[in-house]
Amino acid sequence: MSSTRFDAEARQGLAMVSPPLIYAVLMLAAPLITILAYSFFKDGYLEVVREFTLENYRAVWSDPIFHKVMARSLGVAFAVTLATVALAFPVAYFLSFVVPPERKALWIFLITIPFWTSYLIRVFLWKVILGHNGVINSTLTGLGFIDEPLGFLLYNVQAMVITLAHAYAPFAILPIYVALEKIDRSLLEAGRDLGESRLMTFWRVTLPLAMPGVVAATLIVFIPTIGDYVTPELIGGGKMPMVANMVQANMLALDNKPMGSALAVTAMLIVAVVSVIFLFLNRRFLRVKQ
Amino acid sequence: MNDTIKVAAPATPARKPKAATRYAELQASKPMIECREVHKYYGDYHALRGIDLTIREGEFFSLLGPSGCGKTTLLRTIAGFEGINSGVVLIDDKDMAAVPANKRPTNMVFQSYAIFPHLTVAENVAFGLRRDPRSKAEKAAAVDEALKMVGLAGYGKRAAHALSGGQRQRVALARALILKPKVLLLDEPLSALDRKMREQMQVELIKLQRQVGITFVLVTHDQEEALVMSDRIAVMFEGQIAQLDYPEALYSRPVSRRVADFIGVMNFLPVTILSEDADTIRVDVEGLGEIDLPHSQVAAKGADDEQPMIGFRPEAMNIFPEGQPQTAPRQNGAVIDEVVYYGDMTYYDARLDEADGTLSAPVRISMRNVFGRDIPDVGTRATVGWSPSSLILFR
């Protein structure tokens, strides 16, 4: 009796989940498998030769350009993640602990305002702000602080970090905010009651309990940043390629799909390894059930 | 303590404290917490309206009242989580006005227990020992000792979130008591437990308090809990203390109808005051007839527009099937409307015969069930026996 009911329920559940499941398999798994397969094929003239080889990976791993580009990608991604999470934490803390409950929805709404325009336009706006005749330079020259526009604002790694940190800020604020909201306020009072100052209570209670949010924010910022394509192209001026630009060049300009695929898979592996190490380092915070 | 005095103490008449020796000792001990004219506002809301009380060293003191009466606010004021707008709070003779929560000689057991979920049981208990100058091994021994005291020996390595409600409660107790505070504050600590567990913890808390000798201040809305556990109870309504007394006095001598109504079950019957002299008041009670009451059985004067009432507890009357002989000094006929059987007790809702042939307002009478005695049926007539000495006049 109960098993037939369960079967009926299971069938109903399966029927409901099938369309998005099929969609997800087609849209996510299929391209991924294609890329994986390509990375083990040989490149021919105008076509992919379907013959198994490890040559692509050998070439990628021994390529000094790839080393440099990957190092830059990791460097930019680390810097962006650090800046974003470090700046997002105080905002999330303010949102959770200072903003009165009836105002919180408004504040969250305000934080998501940058999403109203497309990512591309936001990147372009940073170009306008940081550019040779951009907002900062023309303001400073206009006010007479400088005679010539500053050249170091745009087309370098710092500019990319600033742009990406701004773009991903809400992604970091929201998970940290949620983690802070979940903290039972009486835990903080208990910390004080047991003799700790506000600062020590933050260090010993608030921060460890907010860590799941911080970990989530870190991964949400780090993973897409390392594969970012638009910002290096526009803000880096094409002179500072990151790994996605290298993949794009191989896939399209050089028409070497197996090589591009091997690059993509390698980058994916590196991101996965870094993420797993990061999760492992934070495992004791992630096990906490509140 | 002194056995001879205990033996000499009279066999608890209704209004004498249950442990006369202990009360005498407490009365002699020094004040631990003193509140003088404490006022607290939340915006326009006047949460504490001039609280005056003295809690003595070693006392188990309860703040009892309905939700919103200010009892938790008062507790948090003592703990230092809430400032006060005027008045003085002294703990151990020191003014607490400028002392923040983390510097006060108080520790709290929170309603939610506030067990740190990211720490083990032992780490939770050791939380307050960070600046303790003792060695690691000595601290670990102290933690084990504290866990043993609350019956959690060997639980130190467990994750806090894997504990049951009762175990969390014990960890919270150990975590507070290991710091040897002068005052332990308990904010409705038993309200989240099921009934059996609650009754068990009540007894354990009393034992623990006697063992450590620390002043306990308990906030509760459960009058039974307060009666069971406390040396003294402050009943609070709307930010004021309505009555501060021993449990026995509170139960048998409530100063107002409101307190009487809040503590246990109290029957009320309207009365007409006939005459009054230096010794007694003569009243005519609906259902009970004319009675002379000494002034000691008269509660403080209430509001002028209140109808004077006679109050009595359900156990102040006996009820038997009509015709069965009784020894009570006064007896009335009654009709039984309802019988509620509790196993050890039975509650009867009955209406008493009036002189003019009508029936009084319903009253609740309780009887201990004794083997061989019949429980009168619903709808039958019964005889109610009582004594004027168990009545209180609220005027």
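In what follows, chains are A, B, ... by sequence order, proteins preceding strands, each numbered from 1.
In this structure, the separation between CZ on B:F116 and CD1 on A:I183 is 11.5 Å, given to the nearest 0.5 Å. For the atom pair NE2 (B:H161) and CZ (A:R287), the distance works out to 8.0 Å, reported to the nearest 0.5 Å. For the atom pair CG (B:N102) and CZ (A:R192), the distance works out to 4.0 Å, reported to the nearest 0.5 Å.
For A:T201, no part sits under 4.5 Å from any heavy atom of chain B, backbone or side chain. Both the backbone and the side chain of A:L187 come within contact range of chain B, judged by heavy atoms closer than 4.5 Å. Heavy-atom distances place no part of B:L185 under 4.5 Å from chain A, backbone and side chain included. Only the side chain of B:F110 has a heavy atom closer than 4.5 Å to any heavy atom of chain A. For chain B, the nearby part of A:M200 is the side chain; its heavy atoms alone come within less than 4.5 Å. Only the side chain of B:R131 comes within contact range of chain A, with at least one heavy atom under 4.5 Å from a heavy atom of that chain.
When the candidates B:R76, B:R104, B:K103, B:R130 are compared by the number of heavy-atom contacts under 4.5 Å with chain A, B:R130 comes out ahead. When each of B:A160, B:P117, B:P181 is checked for heavy-atom pairs under 4.5 Å with chain A, B:P117 comes out on top. Interface remark: of the candidates B:A114, B:G80, B:G128, B:A114 forms the most heavy-atom pairs closer than 4.5 Å to chain A.
Sparse packing is recorded around CZ of A:R103, with 12 or fewer heavy atoms of other residues, nucleotides or ligands lying under 6.0 Å away. Around the CG atom of A:L199, the shell of radius 6.0 Å holds no more than 12 heavy atoms that belong to other residues, nucleotides or ligands. Few gaps surround CD on B:Q211; more than 12 heavy atoms of other groups in view lie less than 6.0 Å from it. Within a 6.0 Å radius of CZ in A:R198, no more than 12 heavy atoms belonging to other residues, nucleotides or ligands are found. Sparse packing is recorded around CZ of A:R284, with 12 or fewer heavy atoms of other residues, nucleotides or ligands lying under 6.0 Å away. Counting heavy atoms of neighbouring residues, nucleotides and ligands inside a 6.0 Å radius, atom NZ of B:K148 does not exceed 12 of them. The 12-atom threshold is exceeded at CE of A:M27, counting heavy atoms of other residues, nucleotides or ligands nearer than 6.0 Å. Environment of CZ in A:R283: crowded, with over 12 heavy atoms of neighbouring residues, nucleotides or ligands closer than 6.0 Å.
At least one donor-acceptor pair closer than 3.5 Å links the side chain of B:H118 to the backbone N or O of A:R204. Within the 3.5 Å criterion, the main-chain N or O of A:D193 finds a donor-acceptor partner in the side chain of B:N107.
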